[in-house]
Every structure is written in structure tokens, then in C-alpha cells.
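Just so it is clear: chains get the letters A, B, ... in the order the sequence lines come, proteins before strands, and each one is counted from 1.
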There are 2 protein chains.
Amino acid sequence: MARPRQFDEDRVITAAMETFWRHGYEGTSTRDLCDSTGLGPSSLYNTFGGKRELYLRALERYYATVTAEQVARLNEPGSAKERLRAMMLHSIDSDLDDAEGRRGCFAMNAAVEVAALDPDVKSAVRRCFDRVEDELCAVVGAGQAAGEIPSGRDARALARLVQSTYYGLRVLSRVQDDRKALLATVDSTLADL
Amino acid sequence: MARPRQFDEDRVITAAMETFWRHGYEGTSTRDLCDSTGLGPSSLYNTFGGKRELYLRALERYYATVTAEQVARLNEPGSAKERLRAMMLHSIDSDLDDAEGRRGCFAMNAAVEVAALDPDVKSAVRRCFDRVEDELCAVVGAGQAAGEIPSGRDARALARLVQSTYYGLRVLSRVQDDRKALLATVDSTLADL
DNA sequence: TTCGTTTTGAATCAGTCGCTTCAAAACCCG
DNA sequence: CGGGTTTTGAAGCGACTGATTCAAAACGAA
């Protein structure tokens, strides 16, 4: 029928996600995106529509990959608290790793930078957060069923408490390099469950 | 000796802070700053040096005003838990208020958007966070002395736990409008102390 | 009033912004 | 191979970026 594309759409979105993740929405120019994806501007606009649409696609990709990994990590073998700890530990170590560029959590970055200005971004970010919350809830529920966590309190409420502390720690990790202090807070949270 | 300035430097910094706060660092242009401050570009550059320096001054101003208000709110009359609750409640209501433009916490915005790229911004933000942490620690200590909070655990550790949950809630408030759910998490945190 | 100093506004710098246009190239189907 | 369709690269759109220049204006001190 017609000329086929020379690029893999998934690869392009992944490359765009990396760029947005590292430099933010306003900090990323269309030329940056062309450079990192290897696409010319016409291909980029022809395929995705524009910078904003590509950003939304990048957030979807984040949900499908990184958020999925977080969920998977919560479902690895171990007690409920061990699994909660593993997820938080992994994120903190990732946040503090210079080799990863200290880019933090892409969904959180989008929440802070763009969510107030763009309802679609807000929805995409909430989708990530809600998915994590649901899985935290499941893990807490399992812990309660196993007698590891007291059943007196609502699993959802406990999950939200863990979730808040978790994202708070990821904020602090942007300016606070003391890994031990962050880990101590993780353990305080788990001890309270 | 020479021609005096036609503007009040404090007013200019405050106006610049509002603009940076609302639109972020990259989202604010020098012309935006000229418009909001009323200064011409030459006056602005002559006085402050450039956009980055003005941003740092804006962060200092945030510390001197908003962070100071948070600290003051922690020192109002009432029990320790009442004071902790008052601070968190005030911030959440501020975050959810459309009339305030849903701009969140300027220090947190700076932490997420700029801190990784600019050590001076990182320091300025940490100054805000550390000030809040210290005051939280004092309040927790007072609660322990009054018998309101068990003395078994380190006040500093408890303060950091509250602080993490606090900033986590402010992240969630960017995409989550359910005030009751956020407040429930505040109460869960306080109940655990 | 005159001098020396600083501030101010207007104009403008080269470079970049997000985005568009368009003709040539590349493909599949018949 | 020819016809129809899509993708591609290059060039460029007007607007805006952070920053600078410079002469005129506005003051205090002598």
C-alpha cells in the first residue's frame, strides 16, 4: 500500500520517556526529542501529533513498564512487610543513584510539574498512583490475613499511609542524600503497621 | 550620589516568587518575570544577575515567609498532635484550593524540577525541609514530655516519619482531590505516634 | 548648577521554541 | 513495472528565549 515506517514506535516512545523523565516537560524541546528518538520533526509530528501528546504516551509507557515493575516487586515471595520494604528500598536506591541521573519518579515529576495545568496528565499520573495504592492494599490485606499485620484497621487506610510515606521519601531523596535516614523512616513506617 | 531605584526589591522578589511558584523554573520566561515584577529587563539583570539568581532569591523568600508560617503554625497553642494536624490540614487545604492556583509547595516543586540540576537550589530547598523537620522534632519532643506521645521512640525518627507522610500527601494532592481521604491519612499518622 | 553615578526604557542580539510545509523517496499492490 | 499512498528529510515559519547594549533620565553631592 505505502511506504513503511523506518522506526519502531515503542522504541521512540521509550526514548521520549527517558528524555522527558530526565529534563521535565518544559525542559525538553522538540529538538531534544528528535535527537533522542532519531526521528525528524515531520515524522514525530505526523505520528504523535506534538510534544504534549508524546508526553502523554510517555506517561502511558511509564505505567506499563515502571509502575508494572513496582507492582511485580510487591508480589515477589516474602512476608507482607518484606515486600513493602523491598519496593521502597528499591525506589530509594534508584533515586539516590547518580548513574541513573537522579531523575526520580517520572509520575511524581509529572504530578508536580504538569498535573495542575493538564487534566489528561493528571489522569495519567493518578492511574499510576492508584495502581500502586491498590497493590499496596492487597499486600496489606494479605499481611492481615496471615496475622502479620493487626486486622483492626482498614487495609485501604494503611495502604494510603504507606503510599504517602513512600512518595514523601522520594521527595526528600531529591535533596537528602542520607540513605540511612531514609531507610530508618521506611522501617518506622513498617513497624507501625 | 546617584539615581535611586524606582522599585522595592522585596516586592520584586515576592512577585518573582509567585511567578516561579505557579509556572516552575523552565515554564517561566524572563519576559514573564518582567511583566509580573514591572521591571524592565535591564533593571532586572542589573539588580539580580539573571533568571537563575532571581530563582534562588525567590527560594530564600519562600523560606523566610511560607516556611516561617509553617513553623509558626506548629507553635500555636494546643497539644502536640493538634499542632501537627493543624499544619498538615492547612497545607492540604491550600493545595486543593483552586483560588490559589493549585501551585503546591514551592520548595517541593523546586526539589522535583531543579534540585538535581543545581546544587544551590538543592541547598535552598533542603534548608526549607530541614527547618520543618527540626520544628516537627521539637513538637514531637514536647508531646513526649507532656506524656501525649510515648517516649519509647526517638523524637527525630518520629518527626521524619511525619515529615515524609506530609510531603507524600502534598504529592498526592496534585492528582487526588479527595480531601477526606487525605485527611484520613493525616489522622492515621497521628494515631501511630 | 554642574558633575559623577546609577537606573531606566527601548531596541536588539543570536539562538531556540513548537510546529508546518512540501517535494522527493520508499514502499505495497495489482 | 506503474499507480497510489505514506514517510521522510530539509528548509523554514513566526514567535519567543535569556541576555545585552546604550543613550537618556534622575538623582545626590559639591
Here the distance between atom P of D:dC13 and atom CZ of A:R31, to the nearest Å, is 13 Å
Here the distance between atom C1' of C:dG18 and atom CG of A:L39, to the nearest Å, is 16 Å
Rounded to whole Å, CG of B:D32 lies from C1' of D:dA19 at a distance of 15 Å
*asked:* Do the side chains of B:E18 and B:R22 get close enough for a salt bridge, i.e. N-O under 4.0 angstrom?
replied: yes
Separation of C:dG18 atom P from A:H23 atom NE2, nearest Å, is 13 Å
From CD of B:E53 across to P of D:dA19 the rounded distance in Å is 8 Å
Here the distance between atom C1' of D:dT17 and atom CD of A:E26, to the nearest Å, is 12 Å
Ranking D:dT17, D:dT8, D:dT20 by distance to the side chain of A:F7, first place goes to D:dT8
Between A:S29 and A:P41, the residue closer to the 5' end of DNA chain C by nearest nucleotide is A:S29
Does the side chain of B:S42 get closer than 4.0 angstrom to OP1 or OP2 of C:dG9 through an N or O atom?
-> no
Per nearest nucleotide of DNA chain D, the residue lying toward the 5' end, B:K51 or B:Q6, is B:K51
message: Between the side chains of A:R153 and B:D192, is the shortest nitrogen-to-carboxylate-oxygen separation below 4.0 Å, so that they form an ion pair?
response: yes
Subject >> Lys/Arg N to Asp/Glu carboxylate O, B:D177 vs A:R126, below 4.0 Å >> reply: no
The residue, B:Y25 or A:N46, whose nearest nucleotide of DNA chain D is more 5′ is A:N46
Chi angles and distances behind the salt bridge (Lys or Arg N to Asp or Glu O under 4.0 Å) call for B:R102, B:D98:
CA-CA 6 Å; B:R102 297 193 140 270; B:D98 289 326; 3.1 Å; yes
In whole angstroms, the gap separating C1' of C:dC19 from CZ of A:R52 amounts to 15 Å
Taking C:dG18, C:dT8, D:dG18 as options, the one with an atom nearest any side-chain atom of A:T30 is C:dG18
For A:F129, the ring-ring contact (aromatic ring centres under 6.0 Å, His included) test, sequence neighbours excluded, returns A:Y167
| request: Please state whether the phosphate of D:dA19, meaning OP1 or OP2, lies under 4.0 angstrom from any side-chain nitrogen or oxygen of B:Y45. | output: yes
Between CG of B:D35 and P of D:dT17 the distance, given in whole Å, is 10 Å
